[in-house]
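These notes concern the structure reproduced below.
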Protein chains: 2
Amino acid sequence: MKGISIKDIAKQAGVSPTTVSFVLNGKAKEKRISDQVSKKILKIANKLKYKPNQLARGLRTGKTKTLGLIVEDIANNFFANVAKVVEDEADKHGYKVLFGSTEDNTEKAHGLLEVLKYRQVDGYIITPTKNMEKEIELLKMVRKPVVLMDRYLPNVDSHYVVVDNYQGAYAATTHLIEQGYQKIAIITTTSDQVQMKQRMDGFMAAFKKHGLPYNKNVVKRLPFEMDRVGHTQEITKYLKASKVDAVFFATNYLGIYGIESIRSLGLRIGADVGMVCFDDHDLFRLHSPSITCVSQPIEEIGRQIVNVLMKELNHASSTSQQLVLQPTLEVRQSTMKEVEPVA
Amino acid sequence: MKGISIKDIAKQAGVSPTTVSFVLNGKAKEKRISDQVSKKILKIANKLKYKPNQLARGLRTGKTKTLGLIVEDIANNFFANVAKVVEDEADKHGYKVLFGSTEDNTEKAHGLLEVLKYRQVDGYIITPTKNMEKEIELLKMVRKPVVLMDRYLPNVDSHYVVVDNYQGAYAATTHLIEQGYQKIAIITTTSDQVQMKQRMDGFMAAFKKHGLPYNKNVVKRLPFEMDRVGHTQEITKYLKASKVDAVFFATNYLGIYGIESIRSLGLRIGADVGMVCFDDHDLFRLHSPSITCVSQPIEEIGRQIVNVLMKELNHASSTSQQLVLQPTLEVRQSTMKEVEPVA
DNA sequence: ATAAAACGCTCAATCGATTTAGCCCTGTGT
DNA sequence: ACACAGGGCTAAATCGATTGAGCGTTTTAT
């Protein structure tokens, strides 16, 4: 079941494999191959539908034309959407994508990197977990392009594409305040990764700016590993105990659990408890009442990630490309104290 | 930045690369390598953290330990969730996954297959588009294991893992009828692929069984390529014109568009228009009113897909493994004519 | 005692493409 | 007439692992 190889073409054209390789790699001019021979080879290659064996090529050149995509959770709406854009864009450049989910677990992330490394992927797109500084540095050492996404590592100088988490959270919180909510809380993860920290900071900044009393009770942190039931129970418990009148959920899945929790308490979203969530979702758009959220420009995130990576793959730059894209606040019904008629 | 190769180990152990290869591939006994040498090699390999170069190995053996996953849309909730399970399971067997979305477009699917082919993936997981019969047959010819998912091709004898679309649709429709809805419609895709056809058939069978008048007006078909706006407009138009009192949406994204449409008409889901959707979604669970749906056993689908594929990769069987898993009807508020108090 | 088998390991070819070094030929300059 | 410079192409090494054939030594069988 062998495919067409460079030898087959060489044989048919009556030339050496070397010549075929030169021509097929566009080095005909540089290597002074005559036009006649070039054309003949091209024609035959076309006729035979020759496709270079990527393994052989990779073995020789060290380039596999493969990217590694390590996300937190490929089943999550945000990451799945980014993955799609990434795959699409990469494809345009002739790259394929290997993927894996970390579940925000350092061990899993480590395992994924390990595998991708000895699969010799050319570049990495990584949603880093904590304690990944060393591994990222290591990749830099071996000159493998890396683009971090969704978050970055403050102590590592690397390329990254993220959104302005601070501004997003600040705008969301300010919006809640301006809508007249008084006792506002933030529900976030236990993780102290930069994107979460920035969302916290944006939240707090809005608090300060408007002179709201800030204390540790306004923050509820929940571990990523906890399951759905655990999350909703914890959120429900917290909401019942703390008597807040609005909540900022720091990620999309927390927002989803949050909706469940608020409703299980018999409270009306918007009227009784305002809510904003970081990251959009079909669910937020269509929920009644619809959920105000900080929407990330997914298309652009994906495009830029690949963009940066391709630039690096072609000619490594000395300075890190660090893109901070602006999210948009999608104002919906969950932040209206007066209940709007359901559309 | 070369990695550790078999040669390095050979040198350190004072043996030939051949011997190292034998030992590392568990052929020590078979190839009569002494225990001392075996152990020494193993120890050195461990110390050096040797990982075989998959490219070289693949070039020689033709096995890449890579699977190709071709889905309709990786950003779709269902496929993203299956992808996650697949990646996880494949990983357990030492396989990595390359993925791509077809958008249900034959050309795109063809392109993906082409790429995966000359990337020499060992096995394929495919959500086939129409007119893929030839390509699947071709893969069979070259003895590449293929498992179809979500749907299969009636004219091709292949492995597949799907759900019982007929039963799912039958149960959903019967449920609508039993809830007292009279003018029931189905909104589906223009595609005549088997999963859609079976959902249609299940729908119609329930109609017949209960003596409901069936005519072509109860069916509305929409093309996959249409965008959100187009979909909602068309659905809205149809609902307004046809005066149905319940709708069965044949896929999750149609259901999502359907919710938008029904609401834009100012109708109450459940009370004014009952609805059921094939395939579950967070949105359906949390929507008010919550949406009754036919839920697919995603975990098991993913596990079985990999399961079947691994069996084939180890020893090709002569008969096709064709798994039809049972979906479950999740009864929720969207099929209650009396409006329940929103929880 | 001697051929045959068992041991324990290695040589070298192979997978398919890339790439360095270099061969032979023709034409130009002197 | 002779060196030298391209022009046009190829041989062979290389990437790292696998594998069929085989080589020298010792043990077993007859």
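Letters A, B, ... mirror the listed sequences (proteins, then strands); counts begin at 1.
Note on B:K29: nothing from the nucleic acid sits closer than 4.0 angstrom, heavy atoms only.
Atom-to-atom, CG of A:L48 to P of C:dG16 comes out at 15 Å; the value is rounded to the nearest Å. Put simply, CG on B:L59 is 9 Å from P on C:dA17, counting in whole angstrom units. Summarising the geometry, the separation between NZ on A:K63 and P on D:dT14 is reported as 21 Å, rounded to the nearest angstrom. Between the CD atom of A:Q54 and the P atom of C:dA17 there is a distance of 10 Å, rounded to whole Å. When rounded to the nearest whole Å, the span between CZ of B:R60 and C1' of C:dC15 equals 6 Å. Whole-Å rounding puts the B:K7 NZ to D:dT18 P distance at 14 Å. Put simply, CG on A:D8 is 8 Å from P on C:dG16, counting in whole angstrom units. Rounded to whole angstrom, the span from the CD1 atom of A:I9 across to the P atom of D:dC9 amounts to 16 Å.
Put simply, B:S5 has a side-chain N or O that comes within less than 4.0 Å of OP1 or OP2 on D:dA17. For the OP1/OP2 pair of C:dT18 and a distance below 4.0 Å, the side-chain nitrogens and oxygens of A:K27 include no atom meeting the criterion.
A donor and an acceptor atom, one from each side chain of B:E89 and B:N307, are nowhere located under 3.5 Å apart. Residues A:Q322 and A:H159 have side chains that never bring a donor and an acceptor to within less than 3.5 angstrom of each other. For the residue pair A:D104/A:Q193, the side-chain donor-acceptor check at 3.5 Å is satisfied.
Tested against B:I70 for a side-chain contact (heavy atoms from CB on, under 4.5 Å), the candidates B:L116, B:L148, B:T127 yield a single pass: B:L116.
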Per-nucleotide protein contact string for nucleotides 5-11 of chain C, where B marks a base within reach and S marks sugar-phosphate only (heavy atoms under 4.0 Å, - for neither) = --BBBBB
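Residues B:K108 and A:D91 are not paired through a salt bridge, judged by the lack of any N-O separation under 4.0 Å between the basic side chain and the carboxylate. Taking a cutoff of 4.0 Å between a charged side-chain nitrogen and a carboxylate oxygen, A:E114 and B:K49 do not qualify as a salt bridge.
Of the candidates C:dC15, D:dA17, C:dA17, the closest approach to any side-chain atom of B:R57 belongs to D:dA17.
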Counting only pairs under 3.5 Å, give me each side-chain donor-acceptor contact of residues 8-18 of chain B, with atom names and distances, residues two or more places apart or in other chains.
| unit_1 | atom_1 | unit_2 | atom_2 | d |
| --- | --- | --- | --- | --- |
| B:D8 | OD2 | B:S5 | N | 2.7 |
| B:S16 | OG | B:T18 | N | 3.3 |
| B:S16 | OG | B:T19 | N | 3.3 |
| B:S16 | OG | B:T19 | OG1 | 3.2 |

